[in-house]
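Structure, as structure tokens:
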Amino acid sequence: MKRDLHLFQNPKPPITGSSSSSPAPATCGKEKMMMVKEEEDELLAVLGYKVRSSEMAEVALKLEQLETMMGNVQEDGLSHLATDTIHYNPSELYSWLDSMLSELNPSDPMLVSPEIDNNNSFLAGDSSTITSIGGFPASDYDLKAIPGNAIYRRSNQFAIDSSSSSSNQNNNKRLKSCSSPDSMVTSTSNAPLIGTTVTTTTTAAAAESTRAVILVDSQENGVRLVHALMACAEAIQKNNLSLAEALVKQIGFLAVSQSGAMRKVALYFAEALARRIYRLSPPKNQIDLSLSDTLQMHFYETCPYLKFAHFTANQAILEAFEGKKRVHVIDFSMNQGLQWPALMQALAVREGGPPIFRLTGIGPPSMDNTDHLHEVGCKLAQLADAINVKFEYRGFVANSLADLDATMLEIRSTEIESVAVNSVFDLHKLLGRPGAIEKVLGVVKQIKPVIFTVVEQESNHNGPVFLDRFTESLHYYSTLFDSLEGAPSSQDKVMSEVYLGKQICNLVACEGPDRVERHETLNQWTNRFGSSGFVPAHLGSNAFKQASMLLALFNGGEGYRVEESNGCLMLGWHTRPLITTSAWKLTAVH
Amino acid sequence: MSEKRIISIFKKGNKKRQRVKQVAKFCINDHHDILVEILRRLDGPSLCSAACVCRLWSAVARNDSIWEELCFRQVAPRPSLSLRSVVSALGGYRCLYFVCIRPVLARLPKLLWSRDQLQLSLSLYCVHYYERLYVGAWLSDAPPSSLMFLRKPVNVV
């Protein structure tokens with residue numbers, strides 16, 4: 001712990017006895033963010049940096065206490081914490097860990113708060129006093145709110161990243177320009193941050209019960225939270241950034257008072273809004289391919305959306321391939337190739353024996369120089385060999401689907417080979433670049449597939465007005481997170497939430513070609529495909545039955561609904577459709 | 001020689017000359033093929049219990065045809081032979097039963113078991129096999145388990 005403290009203190013020049021109002025411009029030069037100085041503090045505040053350097057000793061002390069407590073607990077649930085687990089979003093573990101710790105040690109005494117000292121010196125050696133800023137009550141910032149519930153891993157990250165962000169010395173000049181009524185809330189906000197940028201401090205929901213000022217009615221706060229989110233989005237829409245900043249902080253406070261799905265959704269949206277306000281785009285390509293594949297893998301395991309997508313698309317392809325001796329599938333969304341084992345197995349046992357199965361997989365380049373697509377191909381080949389299906393495979397690496405050309409794909413004549421094209425959650429990424437989707441649809445038409453299966457999210461997140469997009473996506477992702485609540489708590493679930501959180505971040509915080517999550521509704525896609533020369537191919541009742549049965553198997557299967565709409569299948573949670581599988585074929589003219 | 005035979009010989013040597021019938025007693029453990037035929041007609045839970053009786057029965061119960069019978073009992077028409085080769089390549093009917101079919105039946109007890117349900121189970125089984133090809137290649141230590149959703153949730157907290 002002390003070692004971490006040392007790391008943390010290293011980059012800062014010693015400034016003793018300075019008043020809180022003096023900025024530290026010399027060190028700001030190290031800042032990654034090119035911001036106005038005053039805004040930096042607000043930024044840090046909003047991103048959860050509520051710890052000043054003088055308080056680090058406190059934090060260290062508390063973390064040591066936690067560590068000893070954790071070490072003394074040998075139950076399975078907690079000993080897991082001591083090992084190296086990868087937590088990408090500390091806030092998600094918070095509630096799980098919090099409940100475990102509070103169960104474990106309900107009488108954990110609140111650590112005595114250090115003296116509130118108006119001495120504005122910070123970095124004065126290891127003094128554990130809390131400086132107050134220009135008359136603001138230190139109670140808003142003090143670490144009394146961080147009992148033994150501090151999460152070890154989070155603070156570890158905090159220490160490691162502090163040298164890179166090197167901005168903690170600015171914490172003490174937090175000019176709190178806004179005064180929201182909820183500033184009385186004592187729990188520190190906990191904006192979740194993914195990846196290697198700035199990390200958060202510890203939170204203390206448990207603190208709420210012991211402080212005089214308490215957030216009581218969580219339902220009322222839930223309503224307030226939604227209002228705050230909408231108001232913040234509106235403020236951003238009107239370009240009223242100072243109001244938006246104030247609201248984002250308020251959202252942070254309100255969000256931690258909630259629990260479950262609402263809390264997670266609010267935190268992800270709050271982070272995305274903060275990024276938008278401070279123009280901190282999420283680092284591009286920061287998470288490499290294998291990681292994002294892992295996230296998708298966990299999403300696959302936790303909830304039925306991807307399985308539904310794969311099984312219904314496979315059913316459509318299977319029916320289209322009936323009687324054909326040579327088949328070729330072009331997959332725009334190769335990822336781990338999870339869709340194809342089921343199809344290959346169905347082809348293997350079909351009447352008349354399996355056809356010769358050729359697969360072309362298209363995927364983005366991987367960060368490390370492994371040939372990811374090749375590995376997937378090898379695994380599929382192994383499976384094909386086991387079930388006696390003749391298999392050919394080709395992998396294409398492409399940054400974007402629009403880079404593809406029909407000639408590259410070596411399409412053979414339609415009399416010899418029947419082709420199917422498949423895309424799962426990938427077409428919407430083309431909508432950011434003008435002309436891309438038309439090009440890809442043109443390529444598909446050149447391929448002349450017998451069927452073109454498309455699975456997309458069922459929501460309009462591509463409107464021209466930011467506020468509308470925000471509202472839509474808030475509803476959509478709230479429903480999605482609600483449906484995830486039924487799944488048993490596990491690392492899978494956490495990773496699935498991170499996976500969705502990334503989408504939220506991109507949707508809200510990015511603009512222009514960076515914003516790839518441009519979902520559109522079935523009607524919009526229908527119009528688009530229709531004007532390109534495709535007609536819908538109805539998915540049969542087999543697909544419907546299989547999908548219904550699949551959903552019934554999931555925990556909380558009662559909430560999932562399969563609906564049929566114009567021959568397309570929609571999977572929804574209660575009354576809200578969430579994803580749609582549709583199949584298309586070329587009109588007879590082509 | 002079976003025990004009873006010995007006893008009967010012993011009794012024969014008794015002073016009381018009793019006419020004891022010297023019928024060779026039938027022991028099922030000597031006739032594995034009949035045992036298999038009997039086990040094939042059992043339902044799931046009974047078969048699982050039978051497989052726990054003794055080592056011999058456990059070994060006999062590993063015979064995949066017994067489990068094939070169990071899986072396809074209610075399915076009509078009978079699936080083709082190609083299915084058998086596929087399933088045995090993926091791990092066999094016994095595994096299929098334990099990994100897919102039994103949890104599905106447990107989750108949906110009123111399910112009318114037909115071809116569609118079987119097809120779905122096979123698809124899930126195939127995905128499961130494919131994922132196991134990836135063991136060791138994942139970042140986390142636990143192997144992927146797409147069939148986790150079929151298992152009963154364990155309350156961690």
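Quick note on labels: first sequence line is chain A, next is B, and so on, each numbered from 1.
At most 12 heavy atoms of other shown residues, nucleotides or ligands fall within 6.0 angstrom of atom CD in A:E322. The 12-atom threshold is exceeded at CZ of A:R350, counting heavy atoms of other residues, nucleotides or ligands nearer than 6.0 Å. Within a 6.0 Å radius of NE2 in A:H374, other residues, nucleotides and ligands contribute 12 heavy atoms or fewer.
Atom-to-atom distance recorded for A:Q336:CD and B:E131:CD is 9.5 Å, nearest 0.5 angstrom. Separating the OH atom in B:Y130 from the CD atom in A:Q339 is a distance of 11.5 Å, to the nearest 0.5 Å.
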Check against side-chain contact (heavy atoms from CB on, under 4.5 Å), B:Y129 and A:I387:
CA-CA 11 Å; B:Y129 173 87; A:I387 59 178; over 6 Å; no
After noting the C-alpha distance and the side-chain angles of A:N542 and B:Q119, does the key distance pass the side-chain contact (heavy atoms from CB on, under 4.5 Å) rule?
CA-CA 11 Å; A:N542 278 334; B:Q119 186 55 41; over 6 Å; no
Could you walk me through whether B:V127 and A:Y300 satisfy the side-chain contact (heavy atoms from CB on, under 4.5 Å) test, starting with their C-alpha distance in whole Å, then the side-chain angles of each, then the deciding distance to 0.1 Å, before giving a yes or no?
CA-CA 11 Å; B:V127 177; A:Y300 182 84; 3.6 Å; yes
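Looking at A:N314, neither its backbone nor its side chain comes within 4.5 Å of chain B, counting heavy atoms on both sides. Heavy atoms closer than 4.5 Å to chain A are found in the side chain of B:L90, but not in its backbone. Heavy-atom distances place both the backbone and the side chain of A:L380 under 4.5 Å from chain B.
A pairwise comparison of heavy atoms in B:L120 and A:L550 identifies CD2-N, 3.9 Å as the closest pair. Of all heavy-atom pairs between B:S123 and A:A342, the closest is CB-CB, 3.9 Å.
When side chains are defined from C-beta on, B:V104 counts as touching A:L553, because their heavy atoms get closer than 4.5 Å.
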